[in-house]
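The basis for the numbers below is simple: all heavy atoms, side chains too, and nothing from hydrogens, waters or symmetry mates.
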Amino acid sequence: MLIDSHCHINSEEMRLEARTILNRASSAGVGKIINVGCDFEDSCEAVALVDSFPHVNLYASVGIHPHEAKRYDEKIPDEFQRLIKNDKVVAIGEIGLDYHYDNSPREIQQKIFELQLDFAAKNNMPVILHIREAMEPAMKILREYPSLSLLFHCYSGGLEYLDEILERKAMCSFGGAVTWNTKGSEELREVVRKIPIENILLETDSPYMSPVPFRGKRNEPAYVKYVYEAVANEREMSVDDLANQIEINAKNFFKWSD
């Protein structure tokens with residue numbers, strides 16, 4: 001079984017074709033998918049969808065993406081408390097810092113990030129992180145939360161931060177970029193070769209970040225198989241063996257029972 005640990009089924013690009021897209025995922029061997037929230041409304045919809053597609057085991061995470069941080073305030077924890085009562089809400093995220101686009105002022109990003117980390121710690125929930133061009137300030141904040149279980153979505157910290165991340169027993173997730181032919185992707189493949197296999201999850205981030213041979217087109221969960229193939233090649237192991245380990249890793253991180 002393949003697992004897509006990060007996608008956006010209810011995005012504008014995918015929601016109208018969700019059933020067809022998830023049928024293709026099931027046919028490609030994808031058995032579990034995490035549908036990730038990016039703001040409160042989006043998170044509500046992600047939770048509402050978890051029981052709508054019985055042919056794929058769909059889970060949800062809830063959170064405020066740093067792009068959306070300027071739209072929210074201290075009410076976030078109260079609004080999310082209801083959502084996390086659903087057994088298929090398995091994480092808080094995606095949350096973090098994005099200093100590439102700065103769609104929200106950095107001080108507001110940091111404030112909303114910390115609020116959500118407090119909420120995750122209070123409720124003993126793992127966290128899905130979005131960190132872009134902000135590893136050092138993000139790590140500084142995360143050092144104040146040593147007990148949290150962390151997943152670095154689309155990990156981009158290179159080897160520089162890997163030792164600290166591994167000391168925390170955090171997970172790193174890799175997506176379509178491992179299949180690209182760019183300098184950054186070669187550095188990413190170096191991380192893939194060196195990171196302990198127990199710390200790896202795989203994802204699509206669909207509808208974004210499409211792998212080769214679909215780069216430039218809309219991504220979807222079925223394409224996670226290309227990420228599995230690329231990572232298995234870098235690790236010099238079979239896709240089946242990699243899939244078995246990723247299944248163990250995902251269950252250990254998300255704590256689902258099935």
Side-chain angles (χ1 to χ4, degrees), residues 2-50 52-53 55-69 71 88-91 93-96 98 100-101 103-104 128-133 151-156 172-182 184-185 188 201-231 246 250 254:
L2 307 182
I3 295 172
D4 184 354
S5 68
H6 193 112
C7 71
H8 303 277
I9 297 296
N10 50 302
S11 62
E12 292 293 335
E13 296 90 340
M14 300 177 72
R15 59 159 48 95
L16 295 180
E17 300 177 62
R19 187 167 299 277
T20 300
I21 289 168
L22 291 174
N23 278 335
R24 284 198 291 265
S26 180
S27 296
V30 182
K32 287 184 168 69
I33 295 172
I34 313 299
N35 191 27
V36 176
C38 289
D39 60 30
F40 182 65
E41 296 78 11
D42 187 53
S43 295
C44 289
E45 189 173 10
V47 175
L49 288 174
V50 295
S52 300
F53 303 100
H55 51 302
V56 172
N57 209 339
L58 197 61
Y59 295 85
S61 69
V62 298
I64 307 301
H65 192 287
H67 289 345
E68 307 298 330
R71 298 176 49 215
K88 285 200 165 183
V89 176
V90 293
E94 60 188 287
I95 68 175
D98 192 313
H100 178 77
Y101 288 109
N103 285 355
S104 292
I128 299 173
L129 296 165
H130 172 107
I131 311 296
R132 187 170 186 186
E133 297 181 15
L151 169 57
F152 288 80
H153 143 66
C154 280
Y155 178 67
S156 60
C172 293
S173 187
F174 304 95
V178 299
T179 72
W180 299 349
N181 184 24
T182 66
S185 295
L188 188 61
L201 289 176
L202 302 179
E203 63 171 83
T204 60
D205 197 22
S206 51
Y208 321 109
M209 303 285 288
S210 294
V212 174
F214 299 99
R215 193 175 183 195
K217 300 178 182 179
R218 184 187 70 186
N219 201 3
E220 59 180 77
Y223 299 163
V224 77
K225 68 179 182 179
Y226 296 97
V227 180
Y228 273 79
E229 289 169 359
V231 171
I246 295 299
F254 292 113

At what distance, to the nearest 0.5 angstrom, does [atom1] of [X] lie from [atom2] of [Y]?
{"X": "H67", "Y": "H130", "atom1": "NE2", "atom2": "NE2", "value": "5.0 Å"}
{"X": "Y223", "Y": "L2", "atom1": "OH", "atom2": "CG", "value": "14.5 Å"}
{"X": "K88", "Y": "I34", "atom1": "NZ", "atom2": "CD1", "value": "10.0 Å"}
{"X": "S206", "Y": "E13", "atom1": "OG", "atom2": "CD", "value": "10.0 Å"}

Could I get the full list of salt bridge (Lys or Arg N to Asp or Glu O under 4.0 Å) partners for E17, not counting sequence neighbours?
-> R218

Set of residues satisfying salt bridge (Lys or Arg N to Asp or Glu O under 4.0 Å) with respect to E229, sequence neighbours excluded =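 E229 satisfies salt bridge (Lys or Arg N to Asp or Glu O under 4.0 Å) with no other residue.
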
Output all residues satisfying ring-ring contact (aromatic ring centres under 6.0 Å, His included) with [X], sequence neighbours left out; order by chain, then residue number.
{"X": "F53", "value": "none"}
{"X": "F174", "value": "none"}
{"X": "Y59", "value": "W256"}

Of all residues at least two apart in sequence or in a different chain, which pass the side-chain contact (heavy atoms from CB on, under 4.5 Å) check with [X]?
{"X": "A230", "value": "V178, T179"}
{"X": "S156", "value": "none"}
{"X": "S43", "value": "V62, F80, L83"}
{"X": "H100", "value": "D98, R132, E133"}

Taking C-beta and beyond as the side chain, do [X] and [Y] meet within less than 4.5 Å on heavy atoms?
{"X": "H8", "Y": "Y208", "result": "yes"}
{"X": "L201", "Y": "L151", "result": "yes"}
{"X": "P207", "Y": "S11", "result": "yes"}
{"X": "P221", "Y": "M14", "result": "yes"}
{"X": "N219", "Y": "D205", "result": "no"}
{"X": "F40", "Y": "E45", "result": "no"}
{"X": "I131", "Y": "H153", "result": "no"}
{"X": "I128", "Y": "I95", "result": "no"}

Distance-only polar pair, side chains of H65 and N103, donor-acceptor under 3.5 Å = no

Shortest non-hydrogen contact from [X] toward [Y]:
{"X": "S61", "Y": "E94", "value": "OG-N, 4.4 Å"}
{"X": "I9", "Y": "L58", "value": "CG1-CD1, 4.4 Å"}
{"X": "C7", "Y": "I33", "value": "SG-CG2, 3.2 Å"}
{"X": "E203", "Y": "S173", "value": "OE1-OG, 2.7 Å"}
{"X": "V50", "Y": "V47", "value": "CG2-O, 3.1 Å"}
{"X": "D4", "Y": "V224", "value": "CA-CG2, 4.3 Å"}

May I ask you to decide if A177's main-chain N or O and S185's side chain share a donor-acceptor pair within less than 3.5 Å?
-> yes

Between the side chain of W180 and the main-chain N/O of S210, is any donor-acceptor distance below 3.5 Å?
-> yes

With sequence neighbours excluded, give me every salt bridge (Lys or Arg N to Asp or Glu O under 4.0 Å) pair touching residues 173-182.
->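 Matches after skipping sequence neighbours: none remain.
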
Scan for side-chain hydrogen bond (donor to acceptor under 3.5 Å, both in side chains) pairs involving residues 22-31, sequence neighbours excluded, and state none if there are none.
->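 Matches after skipping sequence neighbours: N23-H55, R24-E220.
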
Just grab all the side-chain hydrogen bond (donor to acceptor under 3.5 Å, both in side chains) pairs involving residues 29-39, residues at least two apart or on different chains.
-> N10-N35, D39-R71

